[in-house]
Amino acid sequence: MLIAPRGRRVLLAASAAILVTFYFWSLPKDAIPPIQLDLPAAASFPSSLPLNEAYAWRTLKTNYPVSTVAPLPTEQPRSFPKVQAVFTKESRSSRQQRLERQKAVKETFLRSWKAYKEHAWLQDELKPVTGSSHNPFGGWAASLVDALDTLWIMDLKEEFAEAVGAIDQIDFRETTLDEVNVFETTIRYLGGFLSAFDLSQDPRLLQKAVEVGDMIYKSFDTPNHMPVMRWDVKAAASGERQVAKSGTLSAEIGSLCMELTHLSQISGDPKWFDAAHRITEALAKQQDSTELPGMWPLVVDAEKQTFNAGSTFTLGAMADSLYEYLPKMVALTGGQLPIYQKMYEKAMDVAPKHLFYKPMTPTNEDILVSTAFQTKGGSAVHGERDTQGQHLVCFLGGMLALGSKLFERRQDMQLAEKLTNGCIYAYRAFPHRIMPETWHMVPCEPDSECPWDENRWKKEVLRINSMSSDATLQEADAIIHDDALPQGFTKISDRRYILRPEAIESAFVLYRVTGRQSFADAAWDMFTAIEASTRTSLANTAVSDITRPGEPRQQDSMESFWMGETLKYAYLAFSEPGLISLDDYVFNTEAHPFRRLKP
Ligand code: DMJ
């Protein structure tokens, strides 16, 4: 069949693209010459970094070049008030108890690490029941990369050396996925390499950080330079034009700044900082014009760069780390970018009033829960606060404690304690002493003493479970019984516990910030409860229902944050306070500590 000239050109171009793509994705690993890095001394960042210009993600043609690249700020970093409490000398017995606890966490970590090594080496995750593996994060060894800095911090230097020795087998030019999550790739992989580099100064880690950074940078190659967060990586690799997505989660697009800025700080190449800073500027510009001014909606439109249209507001799932990164960016950059403090203070001036509630409890606990807020008719005036609490939002106490110290917002310290105590309370309320993913409680009436009222609890159980208005309290009793609701809880919408870190994270931060032993004890209670309910013959697993007595059903899943976050925070809660001091380091949302820029 004759092919018309234009058709033939298209066909030729298509075949060429396929060939290039095939070549690109099948390049042997040793085709990339090793990078010779001329690394700086630990205390300073270099002004330039020799790079492997031949690296595939770097050599791809840019479809939408940026006209100017914002330079990294050059202002002298400033000092901030101390974040950590002054710890007094501990007694012999407390020291002994602390070290025993620390040892127990390390043993749990080592079991998981050894099982990963034996059954899932270089895969993303171990399946801790069957001893198999799977690759939901690209197949780039997510668990290994996420755990690198934990190995270093736990002084497992041999294991660390072995793991770093294996990273040259990770190839970001190949993947098992069609769609890559740019946020997860950034916080787990880029965050993991950067932190391990900060701690060890091993150049191979920086080389890897640059490789994954180059891949991530390609996701910003769109007409408005906003990233494609759920990314067709193969289309991008073949040179196809791409646009950012209209439905983008605010947490995903809003929390790339720490990792990309730190990569620029270390490498001296400002392109990553520039890419992230464009997002920050757009968020800052629209912060006051949302339906709840000061906060951003849960879902934003990255294609049109509209960050102020939407009616759901939360500090929890899907928005969380957008807020978390605001004070953390200030800590990371030594205050070189005051925009982050402004954004944070505006958001935290608004959030407590609309999102926090005190739940009614039988013991009238002075605790808080953070939930979501829904605006009505385009404004917050007739908006409605939800009642859902979540495990994911338990990071919040730690964030508020950090912000309170950095910016001398004394009122926030109380909120930080009450929110953290809310999470500790919820852990202790359930039979396995672990909080499930999501649940509901009864909010106290504003300005009331909030004494325990059994009937009010039961009526709320009926309401939230959509029972008819004439349903009886006996019917509420039946729901409470069937759904195994602890007193004060009205519904459990997601009964899983999937080895998440957030509650132990805030207990750790509050311990370091206040110096109060009760927070370290709470971290210990959480750790022992988790260990008891999730241990398998190999490692630890997510469980499908943590809310009923009896052995929880195992889900055969161990996400990389178990070794990357949960066990790291647990270990640090029982370490000398100088180990990864919050005055020297700031954690990304995947618990990877980055060195803070200091005067
Ligand atoms: C982690 O991957 C990160 O903390 C992220 O911000 C959300 N939560 C998970 C762990 O629960």
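Ligands are counted one by one from 1 in listed order, and the atoms in each one are counted from 1 as well.
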Determine the minimum heavy-atom distance between Ile546 and His432, stating which atoms define it.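 Nearest pair, atom of Ile546 first, then His432: O-CD2, 3.4 Å.
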Could you list each N/O atom of ligand 1 together with any protein N/O atom closer than 3.5 Å, one pair per line with the distance?
from	atom 1	to	atom 2	distance (Å)
ligand 1	2 (O)	Glu590	OE1	2.5
ligand 1	4 (O)	Glu565	OE2	3.2
ligand 1	4 (O)	Thr589	O	2.6
ligand 1	6 (O)	Thr589	OG1	2.7
ligand 1	8 (N)	Glu502	OE2	3.2
ligand 1	11 (O)	Arg500	NH1	2.7
ligand 1	11 (O)	Glu502	OE2	2.6

What I want to find out is whether [X] reaches [Y] closely enough, with some N-O distance under 4.0 Å, to be called a salt bridge.
| X | Y | value |
| --- | --- | --- |
| Lys114 | Glu159 | no |
| Glu437 | Arg495 | no |
| Glu417 | Arg516 | yes |
| Asp521 | Arg101 | yes |

Please determine if Arg188 forms a cation-pi arrangement with Phe137, meaning its NZ or CZ atom is less than 6.0 Å from the six-membered ring centre and no more than 45° off the ring axis. yes
